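This report concerns only the one structure given below.
All values reported here derive from a predicted model rather than from experimental measurement. When a residue number appears, it is its place in the shown sequence, counting from 1.
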Amino acid sequence: YDHLDRKAVMYFAAKGVKFVTPLGVGERLRKWGVPEGSITELDWDGKAGIGGVSVTLVPARHASGRGLFDADRTLWTGYVAEKGGRAVYYSGDTSWGDHLEGIPRKFSGVTFNAAFIENGQYDESWPDYHMFPEETAKAASFFAPARFIPIHWGAYPLAVHTWNDSVKRSVSAAEKLGVKPLVPKIGEIFDSSAEPDRWYE
């Protein structure tokens, strides 16, 4: 349940947070008691405005489901948050695919300040769930971001690779592609002027 934690959702719902969800997820939130007015449920390429920021749902490839009988009944997604010609991309969990190169093409003229891209818990046995580190770096290069921040690694193991293998490989591959990575420690506050720190090595 790491993808949609009920306690976290209800914590934010109690504070009046607005939720922008892919198709099918809004129904689950309503069942949990999140107010209808706090939920915007969209298909890929759907947009919502929140506090002057345009949020667009973009394609991602991953399985969904919380039990034995609800596999793939909800849409999987990433997000682009945009304001004033600047944007942030958040991939969510995704495997490699043509969708990754297509996303930045839909935002021509937009500068990506940051790209948060999944990077880890990969295995040859499940290529349709997560990217390999070199794929993560290549995906980052499509966005030409000011900073590439690898996510979804180092917290807990699902695969057999070491805890820092994916981040070392993706950072190295990104640098070879001319992409500037940034790997903050968990909880670290950073901005675009932060200098890379290879603490994970």
Side-chain angles (χ1 to χ4, degrees), residues 1-95 97-100 102-108 110-121 126 128-131 136 139 142-143 145 149-153 155-156 158 184 186-187 189:
Y1 300 140
D2 60 312
H3 304 117
L4 186 66
D5 181 73
R6 184 174 183 172
K7 287 182 181 178
V9 167
M10 298 315 295
Y11 170 84
F12 288 111
K15 295 183 175 296
V17 167
K18 304 295 184 187
F19 295 86
V20 181
T21 77
L23 296 176
V25 176
E27 179 183 350
R28 185 169 303 280
L29 299 190
R30 285 187 285 273
K31 286 181 180 176
W32 289 350
V34 176
E36 179 70 39
S38 295
I39 302 168
T40 301
E41 192 171 14
L42 300 170
D43 199 347
W44 288 340
D45 298 325
K47 294 187 180 202
I50 299 179
V53 175
S54 174
V55 178
T56 304
L57 273 67
V58 294
R61 272 183 56 195
H62 195 279
S64 65
R66 298 176 72 85
L68 296 175
F69 307 109
D70 64 349
D72 297 325
R73 291 189 182 171
T74 60
L75 188 66
W76 204 265
T77 193
Y79 293 88
V80 171
E82 178 191 356
K83 182 175 182 179
R86 297 186 177 273
V88 172
Y89 169 62
Y90 174 78
S91 72
D93 282 5
T94 188
S95 57
D98 293 341
H99 64 284
L100 292 163
I103 294 168
R105 289 179 184 160
K106 297 174 183 175
F107 295 89
S108 61
V110 172
T111 299
F112 283 88
N113 284 8
F116 295 83
I117 303 179
E118 77 107 63
N119 176 59
Q121 305 311 321
W126 60 80
D128 295 329
Y129 289 84
H130 301 287
M131 288 189 281
T136 295
F142 296 153
F143 292 84
I149 299 94
I151 58 172
H152 199 274
W153 67 275
Y156 54 87
L158 294 172
I186 293 175
I189 297 171

Tyr90 and Phe116 aromatic ring geometry - parallel, tilted or perpendicular at 30°/60° bounds: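 Answer is tilted, since the angle falls between 30° and 60°.
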
Phe143 and Tyr89 aromatic ring geometry - parallel, tilted or perpendicular at 30°/60° bounds: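 Because their plane-to-plane angle is under 30°, the rings of Tyr89 and Phe143 count as parallel.
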
What distance do [X] atom [atom1] and [Y] atom [atom2] have between them, rounded to the nearest 0.5 Å?
X: Thr111; Y: Glu82; atom1: OG1; atom2: CD; result: 10.0 Å
X: Arg28; Y: Leu4; atom1: CZ; atom2: CG; result: 7.0 Å
X: Leu23; Y: Leu42; atom1: CG; atom2: CG; result: 7.5 Å
X: Tyr79; Y: Leu57; atom1: OH; atom2: CG; result: 5.0 Å
X: Gln121; Y: Trp126; atom1: CD; atom2: CH2; result: 7.5 Å
X: Thr77; Y: Arg61; atom1: OG1; atom2: CZ; result: 14.5 Å

Mind listing the closest non-hydrogen atom pair of [X] and [Y] along with its distance?
X: Gly26; Y: Thr21; result: N-OG1, 3.4 Å
X: Leu100; Y: Ala139; result: CD1-CB, 4.1 Å
X: Asp93; Y: Ala60; result: O-CB, 3.8 Å
X: Met10; Y: Trp32; result: CE-O, 3.4 Å

Pair Val58-Phe107, side chain to side chain contact (heavy atoms under 4.5 Å, CB included): steps then yes or no: CA-CA 11 Å; Val58 294; Phe107 295 89; 4.2 Å; yes

Side chain of [X], backbone of [Y]: donor and acceptor closer than 3.5 Å?
X: Ser95; Y: Asp128; result: yes
X: Glu118; Y: Met131; result: yes
X: Trp44; Y: Trp76; result: yes

Side-chain touch Thr94/His62, heavy atoms, less than 4.5 angstrom: no

Does [X] have more than 12 heavy atoms from other residues, nucleotides or ligands lying within 6.0 Å of its [atom1]?
X: Lys106; atom1: NZ; result: yes
X: Asp98; atom1: CG; result: no
X: Tyr129; atom1: OH; result: no
X: Arg86; atom1: CZ; result: no

Any side-chain donor near an acceptor of the partner, His152 and Ser91, under 3.5 Å: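 There is no such pair between these side chains.
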
Evaluation steps, side chain to side chain contact (heavy atoms under 4.5 Å, CB included), between Phe142 and Ile103: CA-CA 9 Å; Phe142 296 153; Ile103 294 168; over 6 Å; no

Summary of salt bridge (charged side-chain N to carboxylate O under 4.0 Å, His left out) pairs that have at least one residue in residues 10-27, sequence neighbours excluded: Glu27-Lys31

Worked check of side chain to side chain contact (heavy atoms under 4.5 Å, CB included) between Val25 and Phe19: CA-CA 10 Å; Val25 176; Phe19 295 86; over 6 Å; no

